[in-house]
Amino acid sequence: MSASDVSRTGQIGNVLLQVEHASLTFGGVKALTDICFDVREREIRAIIGPNGAGKSSLLNLINGVYTPVAGTISYRGQVRKRMHPVDAARMGIARTFQSLALFKGMSVLDNIMTGRTLRMRSGLLAQALRIGPAAREEIEHRKVVEGIIDFLEIQPYRRQPVGMLPYGLQKRVDLGRALALEPQLLLLDEPMAGMNLEESGGEAGHVPLHPRRQ
């Protein structure tokens, strides 16, 4: 299906993200050169390439871990030369990581709850003490998290420390934490890497070596 076909069916919306001629270097190493693409609302885009091609570096540019040495990145029409990761999260950009960055000693539920932090209105002290409105607010956020746990089918592990889980289940928790932000733009970095066929829910196959739009 082409982009125009999808547009006519009403499945995609306005441009959400615009990357124009973005380049990134590390010393004398060119990680990314003149990258251009856009992502629209309700659209899925894939970045496909071999190890070391710069896929993670590109995602790091989008959510503010790195700053492009050339080019621009626009989000909802606003050009940002420099975007800090916390600003990206506040604007509705969430991501998973190729190398898991979970809190291994915390439970599955608590790890996913950290994805709700920016949506909590109560102060840090009130949250820690769980008093007054903060207690009621936490109950509401936990309901959202429990729904994500059900969606990802990890209910039996909700109270287990993440560090005790198999890698594939940890990847689901990482995804759950990103979903907890209720993002407008979700960046998935190697979401199936390291999973076996049962964990990924699919069969082995080949994928094209060029970006494509769905």
Side-chain angles (χ1 to χ4, degrees), residues 11 13 16-17 39-45 56 59-60 62-65 75-76 83-202:
Q11 295 179 21
L16 188 64
L17 175 75
V39 179
R40 294 176 177 268
E41 294 171 335
R42 300 182 298 279
E43 181 181 40
I44 299 173
R45 296 296 301 266
S56 295
L59 297 186
N60 285 332
I62 295 171
N63 83 315
V65 176
Y75 182 69
R76 289 199 171 279
M83 181 188 292
H84 294 282
V86 66
D87 294 329
R90 288 185 177 128
M91 295 172 68
I93 302 175
R95 69 166 299 182
T96 64
F97 295 88
Q98 182 176 1
S99 299
L100 294 174
L102 298 169
F103 300 100
K104 297 299 180 71
M106 292 168 54
S107 69
V108 167
L109 189 149
D110 287 338
N111 264 274
I112 298 177
M113 273 290 290
T114 62
R116 301 293 297 175
T117 301
L118 292 178
R119 291 188 168 272
M120 295 181 179
R121 295 182 296 273
S122 302
L124 184 60
L125 180 60
Q127 291 178 33
L129 297 177
R130 296 178 180 176
I131 57 177
R136 294 189 293 271
E137 183 182 28
E138 181 175 345
I139 291 173
E140 294 304 313
H141 285 296
R142 283 184 178 269
K143 289 180 181 178
V144 175
V145 169
E146 291 287 1
I148 293 172
I149 289 174
D150 289 343
F151 172 71
L152 296 174
E153 299 182 350
I154 51 178
Q155 302 95 328
Y157 314 101
R158 54 193 298 278
R159 294 292 183 184
Q160 289 192 23
V162 165
M164 298 178 61
L165 299 179
Y167 183 80
L169 291 176
Q170 291 189 36
K171 294 283 280 189
R172 293 196 198 185
V173 177
D174 190 35
L175 173 59
R177 183 175 59 183
L179 292 175
L181 182 64
E182 298 181 26
Q184 299 173 8
L185 177 65
L186 178 60
L187 309 174
L188 303 178
D189 193 352
E190 300 282 1
M192 300 301 175
M195 290 188 180
N196 57 39
L197 294 182
E198 182 179 358
E199 291 169 337
S200 64

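Along the sequence shown, residues are numbered consecutively beginning with 1. Values in this document were obtained by computation on a predicted structure and should not be read as measured data.
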Do the side chains of [Y] and [X] get nearer than 4.5 Å, heavy atoms only?
{"X": "Val144", "Y": "Glu182", "answer": "yes"}
{"X": "Leu100", "Y": "Lys171", "answer": "yes"}
{"X": "Ile148", "Y": "Leu152", "answer": "yes"}
{"X": "Leu17", "Y": "Arg45", "answer": "no"}
{"X": "Phe151", "Y": "Leu179", "answer": "yes"}
{"X": "Leu109", "Y": "Arg142", "answer": "yes"}

Atom [atom1] in [X], atom [atom2] in [Y]: separation rounded to 0.5 Å?
{"X": "Arg42", "Y": "Leu16", "atom1": "CZ", "atom2": "CG", "value": "10.5 Å"}
{"X": "Leu118", "Y": "Met91", "atom1": "CG", "atom2": "CE", "value": "13.0 Å"}
{"X": "Ser107", "Y": "Met113", "atom1": "OG", "atom2": "CE", "value": "10.0 Å"}
{"X": "Leu175", "Y": "Thr96", "atom1": "CG", "atom2": "OG1", "value": "7.0 Å"}
{"X": "Leu165", "Y": "Lys104", "atom1": "CG", "atom2": "NZ", "value": "10.0 Å"}
{"X": "Leu185", "Y": "Leu187", "atom1": "CG", "atom2": "CG", "value": "4.5 Å"}

Run the salt-bridge test on Asp110 and Arg177 with the 4.0 Å N-O cut-off and return the result as yes or no.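 Here Asp110 does not pair with Arg177 in a salt bridge, since their nearest N and O are not under 4.0 Å apart.
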Does a salt bridge link Glu41 with Arg76, judged by any charged N lying under 4.0 Å from a carboxylate O? yes
Under 3.5 Å, side chain of Asp174 to main-chain N/O of Phe97, donor-acceptor pair present? yes
Closest approach of [X] and [Y], non-hydrogen atoms and distance?
{"X": "Ile112", "Y": "Gly176", "result": "CG2-O, 3.6 Å"}
{"X": "Asp189", "Y": "Ser56", "result": "OD2-OG, 2.7 Å"}
{"X": "Gly64", "Y": "Pro85", "result": "O-CD, 3.5 Å"}
{"X": "Ala94", "Y": "Pro183", "result": "CB-CB, 3.6 Å"}
{"X": "Gly13", "Y": "Arg40", "result": "O-NH1, 3.3 Å"}
{"X": "Phe103", "Y": "Val162", "result": "O-CB, 4.1 Å"}

Tell me if the CD atom of Glu153 is crowded by more than 12 foreign heavy atoms within 6.0 Å. no
